[in-house]
Visitor: 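First the structure, which I've put down as structure tokens, then a few questions once you've had a look.
As the structure is a computational prediction, the values presented were derived from the model and not from experiment.
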Amino acid sequence: MQSEPTRNLALELVRVTEAAALNAGHFMGRGDKIGADKAAVDAMRLILSSIQMDGIIVIGEGEKDEAPMLYNGERVGSGGPPEVDIAVDPIDGTRPLAEGIQNSISTVAIAPRGKMFNPGPFVYMHKIAVGPEARDCIDIEAPVEENLRRIAKAKNERIENLVVVILNRPRHEALIREVRTAGARIRLIQDGDVSGALMTAWPDSGIDVLLGIGGTPEGVLAACAIRSMGGNLQGKLFARNEDELRRGREMGYDFEKVLTLDDLVASEDVFFAATGITNGELLRGVTYSHNGARTDSLVVRGLTGTVRQITASHSLEKLDRISRIQYQAPVLDD
């Protein structure tokens, strides 16, 4: 049965991530993670409040007593329909931004109310993510070599030609050994596993699979985009210690359950946007000129599977005149 498409919120969401990137980009390389995060949060919340929707932050900057804005449970938007859940990461890669290195982006995703996985206070999960060609062959509970063999077969490649993206963390030493023993190549990243997951589904990125333990909020954000892009992501919650495991079980979380795409975001009617803050393999970072700036964004709509790359030019002088956000870099005192 045919029907008219729903409103494309993705094209409104990109204004959210552009604003966050423009406002936080001035902190690139300044070593100020707190200032950068505040700038991104302030801009993101301001634009979210202008969108016609009744939104609840499911994945935000923390519980209400930890973050003053974009906290878990906060309502945003104009208050009218549609009713949606929202996941935000104003800066995925705060440290890279502060240090002036690659792979810092701003991201936001929307799904119908009640369709987005709420990880609660549990911040880490095992993940495996792939693009469309290998979407039906992965199993997070299978050995690493078995997954790589299946992915290589699905892509008509040799294992030796696969590239695996992994967060560069001590907890991944054994995983890295397994991947290398299997014969695949590795791209280690310092931060930004939302970008890492999306690259598996992005043509010509050179990345075939993401493996390892990363952020649960980032996993849900990536799942919204990967589902729309035809790829696949599986996860399992990871407890950092026995106390966290006990608390999770008391709250009803199952740390043995394989979280599929349907568990992470149970709807095709999802929207995702990301804007680069610093340069990366997925997106270019914000570039500034006299009274102007350029941004590079990825915009995804689940129902249609449409993926847009949007390069935008912004007049910071005009934005400053109509917005409470200071888009132009502040002048430092002599």
Visitor: I need the full list of side-chain hydrogen bond (donor to acceptor under 3.5 Å, both in side chains) pairs touching residues 162-182, with sequence neighbours left out, sorted by first then second residue.
Guide: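 Residue pairs with at least one partner in residues 162-182: Arg169-Asp191.
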Visitor: Verify side-chain contact (heavy atoms from CB on, under 4.5 Å) between Leu48 and Val88, making sure each step is shown before the conclusion.
Guide: CA-CA 10 Å; Leu48 279 171; Val88 302; 4.2 Å; yes
Visitor: Identify the two heavy atoms, one from Phe122 and one from Gly248, that lie closest to each other, and give their separation to 0.1 Å.
Guide: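 Phe122 and Gly248 have their closest heavy atoms at CZ-CA, 3.1 Å.
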Visitor: Between Thr107 and Ala274, is there a donor-acceptor pair closer than 3.5 Å when you use the side chain of the first and the backbone of the second?
Guide: no
Visitor: Report the distance from atom CG of Leu97 to atom OG1 of Thr278, rounding to the nearest 0.5 Å.
Guide: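 One gets 6.5 Å once the value is rounded to the nearest 0.5 Å.
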Visitor: Look up atom CD1 in Ile138 and atom CZ in Arg150, then write down how far apart they are to the nearest 0.5 Å.
Guide: 10.0 Å
Visitor: Sequence neighbours left out, what passes side chain to side chain contact (heavy atoms under 4.5 Å, CB included) with Glu250? Give chain and number order.
Guide: Arg246
Visitor: Show me the donor-acceptor pairs, under 3.5 Å and distance only, between side chains in residues 193-202 and residues at least two apart or in other chains.
Guide:
unit_1	atom_1	unit_2	atom_2	d
Asp193	OD2	Lys127	NZ	2.6
Thr200	OG1	Ala197	O	2.6

Visitor: In Å, rounded to the nearest 0.5 Å, how long is the span from CG of Leu148 to CG of Leu162?
Guide: 6.0 Å
Visitor: Any donor-acceptor pair under 3.5 Å linking the side-chain atoms of Thr17 with those of Thr275?
Guide: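 The criterion, which ignores hydrogens and geometry beyond distance, is satisfied for Thr17 and Thr275.
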Visitor: Parallel under 30°, tilted from 30 to 60°, perpendicular over 60°: which one fits the rings of His26 and Tyr288?
Guide: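 If you compare the ring of His26 with that of Tyr288, the planes turn out parallel.
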Visitor: Work out which heavy atom in Ala21 is nearest to a heavy atom in Ser106; give both atom names and the distance.
Guide: N-CB, 4.4 Å
Visitor: Can you find a heavy atom in the side chain of Pro96 that is under 4.5 Å from one in the side chain of Ile101?
Guide: yes
Visitor: Test of understanding: clusters of I, L, V, M, F, W, Y form through side-chain heavy atoms closer than 4.5 Å, transitively. Do Val144 and Ile166 belong to the same one?
Guide: yes
Visitor: If hydrophobic clusters are built from ILVMFWY residues whose side chains come within less than 4.5 Å, do Ile86 and Val270 share one?
Guide: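 The answer is no; the residues belong to distinct hydrophobic clusters.
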Visitor: What is the distance from atom CD of Glu141 to atom CD of Glu256, rounded to the nearest 0.5 Å?
Guide: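 CD of Glu256 is found 7.5 Å from CD of Glu141.
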Visitor: If two hydrophobic side chains count as joined below 4.5 Å and joins carry through other members, does Ile151 share a cluster with Leu175?
Guide: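 Looking at the clustering, Leu175 is in the same group as Ile151.
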Visitor: Between Asp269 (side chain only) and Leu303 (backbone N and O only), is there a donor and an acceptor less than 3.5 Å apart?
Guide: no
Visitor: Please answer: with hydrophobic residues joined when any side-chain heavy atoms are less than 4.5 Å apart, are Val220 and Tyr124 in the same cluster?
Guide: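 Looking at the clustering, Tyr124 is in a separate group from Val220.
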Visitor: Carefully, step by step, assess Arg240 and Val123 under the rule side-chain contact (heavy atoms from CB on, under 4.5 Å).
Guide: CA-CA 9 Å; Arg240 292 173 288 182; Val123 296; 3.7 Å; yes
Visitor: Determine whether more than 12 heavy atoms belonging to other residues, nucleotides or ligands lie under 6.0 Å from atom CZ of Arg113.
Guide: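 Yes.
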Visitor: Could you list the donor-acceptor pairs under 3.5 angstrom formed between side-chain atoms of residues 306-317 and any protein atom two or more places apart in sequence or on another chain?
Guide:
unit_1	atom_1	unit_2	atom_2	d
Thr306	OG1	Thr304	OG1	2.8
Thr311	OG1	Arg284	NH2	3.3
Ser313	OG	Arg294	NH1	3.2
His314	NE2	Thr295	OG1	2.8
Ser315	OG	Lys318	N	3.3

Visitor: Between Asn232 and Val130, is there a donor-acceptor pair closer than 3.5 Å when you use the side chain of the first and the backbone of the second?
Guide: no
Visitor: Taking only Lys NZ, Arg NE, NH1 and NH2, and the carboxylate oxygens of Asp or Glu, determine whether Glu145 and Arg149 approach each other closer than 4.0 Å.
Guide: no
Visitor: Quick one: pull up CG in Asp89 and CG in Leu221 and give me the separation to the nearest 0.5 Å.
Guide: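 Reported value, rounded in 0.5 Å steps: 6.0 Å.
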Visitor: Taking side-chain hydrogen bond (donor to acceptor under 3.5 Å, both in side chains) as the cut-off, I'd like each qualifying pair that reaches into residues 215-231, sequence neighbours left out, listed once.
Guide: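 Residue pairs with at least one partner in residues 215-231: Arg227-Asp262, Arg227-Glu268.
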Visitor: Heavy atoms only: give me the nearest Leu167-Gly214 pair and the separation to one decimal.
Guide: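 Smallest heavy-atom distance, with atoms named: CD1-CA, 4.1 Å.
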Visitor: Taking C-beta and beyond as the side chain, do Leu22 and Ile325 meet within less than 4.5 Å on heavy atoms?
Guide: no
Visitor: Do side-chain atoms of Asn279 reach the backbone of Gln102 as a donor and acceptor pair under 3.5 angstrom?
Guide: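 Flag not set: sc Asn279 to bb Gln102 has no pair under 3.5 Å.
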Visitor: Just by distance, do the side chain of Asp208 and the backbone of Val163 share a donor-acceptor pair under 3.5 Å?
Guide: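 Such a contact is found between Asp208 side chain and Val163 backbone.
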Visitor: Quick one: do Leu233 and Leu261 satisfy side-chain contact (heavy atoms from CB on, under 4.5 Å)? Show the steps, please.
Guide: CA-CA 6 Å; Leu233 186 150; Leu261 277 182; 4.1 Å; yes
Visitor: Output the distance between atom CG (Asp37) and atom CE (Met44), rounded to the nearest 0.5 Å.
Guide: 10.0 Å
Visitor: Are there more than 12 heavy atoms of other residues, nucleotides or ligands under 6.0 Å from atom CG of Asn241?
Guide: yes
Visitor: Decide whether Met28 and Ile91 are clustered together by the hydrophobic rule: side chain heavy atoms of Ile, Leu, Val, Met, Phe, Trp, Tyr closer than 4.5 Å, transitively.
Guide: yes
Visitor: Verify the neighbour count for atom CE of Met53: are there more than 12 heavy atoms of other residues, nucleotides or ligands below 6.0 Å?
Guide: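 Counting other residues, nucleotides and ligands, CE of Met53 exceeds 12 neighbours.
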Visitor: Less than 4.0 angstrom from a charged side-chain N to a carboxylate O is my criterion; do Arg75 and Asp54 meet it?
Guide: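 Counted as a salt bridge, because a side-chain N and a carboxylate O are separated by less than 4.0 Å.
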Visitor: Got a donor-acceptor contact below 3.5 angstrom from the Arg158 side chain to the Ala152 backbone?
Guide: no
Visitor: Quick one: does Glu74's side chain have a donor or acceptor within less than 3.5 Å of a partner on Tyr71's backbone?
Guide: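 Checking the backbone N and O of Tyr71 against the side chain of Glu74, a donor-acceptor pair under 3.5 Å is found.
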Visitor: Answer yes when Lys257 and Asp263 have at least one side-chain N-carboxylate O distance shorter than 4.0 Å, and no when they do not.
Guide: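 Looking at Lys257 and Asp263, the cut-off is met.
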Visitor: Locate the shortest heavy-atom distance separating Ala109 from Phe272; write the atom from each residue and the value.
Guide: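 What the structure gives for the nearest pair is CB-CD1, 4.1 Å.
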Visitor: Go through the structure and list residues passing side chain to side chain donor-acceptor pair (under 3.5 Å) with Glu99, not counting sequence neighbours.
Guide: Arg95
Visitor: Please evaluate residues Arg7 and Leu9 with respect to the criterion side-chain contact (heavy atoms from CB on, under 4.5 Å), reporting the C-alpha separation (whole Å), side-chain torsions for both, the decisive distance (0.1 Å), and the verdict.
Guide: CA-CA 6 Å; Arg7 181 165 121 250; Leu9 286 168; 3.1 Å; yes
Visitor: Testing the basics here: between Gly235 and Met125, what is the closest heavy-atom pair and its distance to 0.1 Å?
Guide: CA-CE, 3.4 Å
Visitor: Has Lys155 got more than 12 heavy atoms of other residues, nucleotides or ligands less than 6.0 Å from its NZ?
Guide: yes
Visitor: Taking all heavy atoms of Val41 and all of Pro90, pick out the closest pair and write down the distance.
Guide: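 Minimum heavy-atom contact is CG2-CG, 3.7 Å.
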Visitor: Side-chain contact test, heavy atoms from C-beta onward, threshold under 4.5 Å: evaluate it for Val299 versus Leu13 and give yes or no.
Guide: no
Visitor: Step through the shown structure and confirm whether more than 12 heavy atoms of other residues, nucleotides or ligands are within 6.0 Å of NZ on Lys33.
Guide: no
